[in-house]
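Labels below follow one simple rule: chain letters A, B, ... track the order of the sequence lines, proteins then strands, and each chain is numbered from 1.
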Amino acid sequence: EADIYQTPRYLVIGTGKKITLECSQTMGHDKMYWYQQDPGMELHLIHYSYGVNSTEKGDLSSESTVSRIRTEHFPLTLESARPSHTSQYLCASSSGSWEQYFGPGTRLTVT
Amino acid sequence: QQQVKQSPQSLIVQKGGISIINCAYENTAFDYFPWYQQFPGKGPALLIAIRPDVSEKKEGRFTISFNKSAKQFSLHIMDSQPGDSATYFCAARKGQKLVFGQGTRLTINP
């Protein structure tokens with residue numbers, strides 16, 4: 001089983017709050033990704049990083065931001081949460097191989 | 001614009017039957033085609049994958065069939081079991097990024 005962790009697993013928060021979703025991996029992978037997924041629906045890439053101090057926006061526009069200061073850590077931040085941000089957020093990582101390993105996800109609800 | 005189209009959206013199969021999920025793509029730059037399995041409350045996990053220079057790959061009860069000329073690939077689950085009930089996603093890779101299909105919710109009736 002892949003060693004990639006996400007916290008919190010569930011988060012209910014009010015509109016306008018700042019939130020940070022944590023993602024950490026212990027595999028030493030250089031590439032990390034954030035996906036947004038509505039329950040049971042397809043995954044949309046919102047951010048990715050190919051290494052420390054490297055971040056790029058994905059195919060789906062997102063108001064969130066990311067940082068990559070350490071190889072193992074790739075947090076996602078929303079400065080001002082809105083109900084439209086309600087979704088599941090999945091973090092993934094990969095090395096030079098083909099496979100992306102996914103974390104368990106954070107289910108975010110903004111009221 | 002949907003780059004990878006997956007069908008059906010949902011599928012019900014009797015225990016012991018064959019489950020078939022199909023995907024089609026347009027971009028010939030894709031160079032790797034994985035299938036992911038996702039259980040409720042979990043992240044997707046790689047099930048099986050194929051490169052476009054191979055027409056079929058089998059791992060246990062799971063087989064990918066790949067038709068490069070038609071730009072289609074499919075997942076076959078033989079002897080389907082209730083434990084196979086999950087959502088399945090096909091994907092295609094370009095560069096270091098994956099593009100996912102819409103997902104198929106598979107239910108295996110006992």
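The distance from atom OH of Tyr35(A) to atom CZ of Phe100(B), rounded to the nearest 0.5 Å, is 4.5 Å. From Leu98(B), atom CG reaches atom OG of Ser94(A) across 8.0 Å, with rounding to the nearest 0.5 Å. Rounding to the nearest 0.5 angstrom, the gap separating the CG atom in Leu43(A) from the CD atom in Gln102(B) is 11.5 Å. Taking CD from Gln100(A) and CZ from Arg93(B), the interatomic distance works out to 9.0 Å, rounded to the nearest 0.5 Å. Between the CG atom in Leu90(A) and the NZ atom in Lys42(B) there is a gap of 12.5 Å [rounded to 0.5 Å].
In the hydrophobic clustering of ILVMFWY residues, with side-chain heavy atoms under 4.5 Å counting as a link, Phe66(B) and Tyr88(B) come out together. A continuous path of hydrophobic side-chain contacts links Ile64(B) to Leu11(B) [ILVMFWY only; heavy atoms under 4.5 Å]. Cluster annotation: Phe30(B) and Leu75(B) are assigned to the same hydrophobic cluster (Ile/Leu/Val/Met/Phe/Trp/Tyr, side-chain heavy-atom contacts under 4.5 Å, transitive).
Heavy-atom distances place no part of Gln9(B) under 4.5 Å from chain A, backbone and side chain included. The contact between Leu45(A) and chain B is made entirely by side chain atoms (from C-beta outward), counting heavy-atom distances below 4.5 Å. Interface remark: Pro34(B) contributes no atoms to any contact with chain A (heavy atom separation under 4.5 Å). With a 4.5 angstrom heavy-atom cutoff, Gln6(A) does not touch chain B via any of its atoms.
No side-chain N or O of Gln6(B) forms a donor-acceptor pair with one of Glu42(A) less than 3.5 Å apart.
Atom NZ of Lys57(A) sits in a crowded spot, with more than 12 heavy atoms from other residues, nucleotides or ligands closer than 6.0 Å.
Side-chain N or O atoms of Tyr33(A) include none that pairs as donor or acceptor with a backbone N or O of Lys97(B) at under 3.5 Å. A donor-acceptor contact shorter than 3.5 Å links the side chain of Arg9(A) to the backbone of Gly41(B).
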Trace of the side-chain contact (heavy atoms from CB on, under 4.5 Å) decision for Gln96(B) with Tyr48(A)
CA-CA 10 Å; Gln96(B) 299 294 330; Tyr48(A) 60 99; over 6 Å; no
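Between Phe89(B) and Gln37(A) there is a side-chain heavy-atom pair separated by less than 4.5 Å.
Comparing Ala49(B), Pro40(B), Pro44(B) by heavy-atom pairs within less than 4.5 Å of chain A, the highest count is held by Pro44(B).
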